[in-house]
There are 2 protein chains.
Amino acid sequence: MHPDIPQPRLPSGKENDLRVRILLVAIERFATHGYGATSIRSIVEAVGCTKPALYYHFGSKADLFVEVHRAVQSKVRKAFVAMPQNAAPLAERLERFVSSLLEATVEDPSPARLLLTAIHRPEQGQPPLDLEAFHAHNLARLAAVLQQAQAAGEVREDLAAEVLAEILLGMVHHRALELLRGKPLAHDVSKQIIDVFIHGART
Amino acid sequence: MHPDIPQPRLPSGKENDLRVRILLVAIERFATHGYGATSIRSIVEAVGCTKPALYYHFGSKADLFVEVHRAVQSKVRKAFVAMPQNAAPLAERLERFVSSLLEATVEDPSPARLLLTAIHRPEQGQPPLDLEAFHAHNLARLAAVLQQAQAAGEVREDLAAEVLAEILLGMVHHRALELLRGKPLAHDVSKQIIDVFIHGART
DNA sequence: TTGAAGATACTTACCGCTCGGTAGGGAGGC
DNA sequence: GCCTCCCTACCGAGCGGTAAGTATCTTCAA
């Protein structure tokens, strides 16, 4: 009835305002500084609330971290799921896939930072996350596309599709890591990566 | 003059026994847990000395960390320097290079862990290390080999040698990261990587 | 229509612990 | 007597987490 009144309390109105704000700040902080080096104090200071407010919505630092990962994983998973539905030629499918991952990282580096760190550099004391399953799922998606290309005679069959998928994902991960370090993307970087992956470095 | 006398003090005799022991433990700890999560207390406990003993030999935690990196970088640099002197065919040179890096990592994962972490996940609060220069130097070594192969007509020239070197190094870094996560090396993994790098995934 | 009960969503103020680092002293060789 | 090398004992700061109180909204009996 009075839509522009401050509406000081309650979830219903704007979907748990403070909880969402904490989560967004936490994503950025955990992504930038890691688990151990991110203090609850720094989060609540950035949000503009107090510690018990945070502990009211998230039971502990570990719980908050798990929640952060849950939010980010579901977002990234979509890029991997969307790929196989594309019906274009192999090179173009792979190129779009790589491009979508890299450009999403340019727009918002936090998910990539969070996931790559959690996979390659889990910290002691941080809660377990089962990224193995997440990683395996994404790898399987990519491998399925390559296997399909193997069946069509476009891709060599002496190496398993999983091995090839692992190699390609390695190229992408590495380029993403370089991007996170600050190296800007050339406009045709996805094309370059896929071209080398498919045709190799030979003449 | 008295080379085999115990000589309980002073650097000369056994090269500063305690200092070396601290350094070795610190390499392993910093590599395993990172800078922030490694406490001086845990190091001296593992070594079997006290904090002031450590602070006597290394002025601060940051200084110790820099010293650790200095020791490790000079070790790894050798693998990159040794490669170009090899006069075998391209595929074999690259394969040996990859193989030497990966197998050194199996023997002692600390250097790889330390360097890859410092490059991809520097922590706030940790001292600056100028890994940019280290990374650029290693990349240039690899690029030089590829440029030589380009001149010999073995490698495509539409992509710069640096771009190809970056891609290959990405494949190696990624495989090393997987190794550090626990995925064991297949006996022919270096061959697979180089084969895909040179010939691509196509049929 | 009201007003007490209760749930919700926070606040201020504190706790115990671990951290990097140090003051000051002592043992032993030159 | 001095220098090297290392010890015991301590410091202030920052950490994750909490006890206890408070303002606001919801519910429902009188």
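Residue numbers start from 1 in every chain, and the chains themselves are labelled A, B, ... in the order their sequence lines are given, proteins ahead of strands. FYI, side chains are in, hydrogens and waters are out, and symmetry mates aren't considered; it's all heavy atoms of this structure.
Note on B:Ala53: only backbone sugar-phosphate atoms sit closer than 4.0 angstrom, heavy atoms only; bases stay farther off.
Rounded to whole Å, the distance from CZ on A:Phe65 to P on D:dG16 is 13 Å. A:Leu54 has its CG atom 14 Å from the C1' atom of C:dT11, to the nearest Å. Note: OH (B:Tyr56) to C1' (D:dC5) measures 5 Å, nearest angstrom. In this structure, the CZ atom of A:Arg19 is 15 Å from the P atom of C:dT8, given to the nearest Å. The distance between atom CG of A:Leu64 and atom C1' of D:dG16, rounded to the nearest whole Å, is 12 Å. Per the geometry, CG belonging to B:Asp17 stands 19 Å off P belonging to D:dT4, to the nearest Å. Atom CG in B:Leu18 sits about 19 Å away from atom P in C:dA27, given to the nearest Å.
The side chain of A:His57 places an N or O atom within less than 4.0 Å of a non-bridging phosphate oxygen (OP1 or OP2) of C:dC10.
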Short heteroatom pairs, N/O only, protein and nucleotides 16-20 of chain C, under 3.5 Å:
from	atom 1	to	atom 2	distance (Å)
C:dC19	OP1	B:Ser39	OG	3.4
C:dG20	OP1	B:Thr38	O	3.2
C:dG20	OP1	B:Ile40	N	3.4
C:dG20	OP1	B:Lys61	NZ	2.8
C:dG20	OP2	B:Ile40	N	3.0
C:dG20	N7	B:Arg41	NH1	2.8
C:dG20	O6	B:Arg41	NH2	3.0

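Evaluation of the side chain to side chain contact (heavy atoms under 4.5 Å, CB included) rule for B:Asp158 yields B:Arg156 as partners, not counting sequence neighbours. Contacts of B:Asp63 classified as side chain to side chain contact (heavy atoms under 4.5 Å, CB included), with partners at least two apart in sequence or in another chain: B:Ser60. Residues meeting the side chain to side chain contact (heavy atoms under 4.5 Å, CB included) test with A:Ala151, sequence neighbours left out: none. Residues meeting the side chain to side chain contact (heavy atoms under 4.5 Å, CB included) test with B:Ile119, sequence neighbours left out: A:Arg181, B:Leu131, B:His135.
Residue pairs that meet the ring-ring contact (aromatic ring centres under 6.0 Å, His included) test with at least one member in residues 39-61 of chain A, sequence neighbours left out, do not exist here.
In this structure the side chain of B:Val189 never reaches within 4.5 angstrom of the side chain of B:Leu179, judged on heavy atoms.
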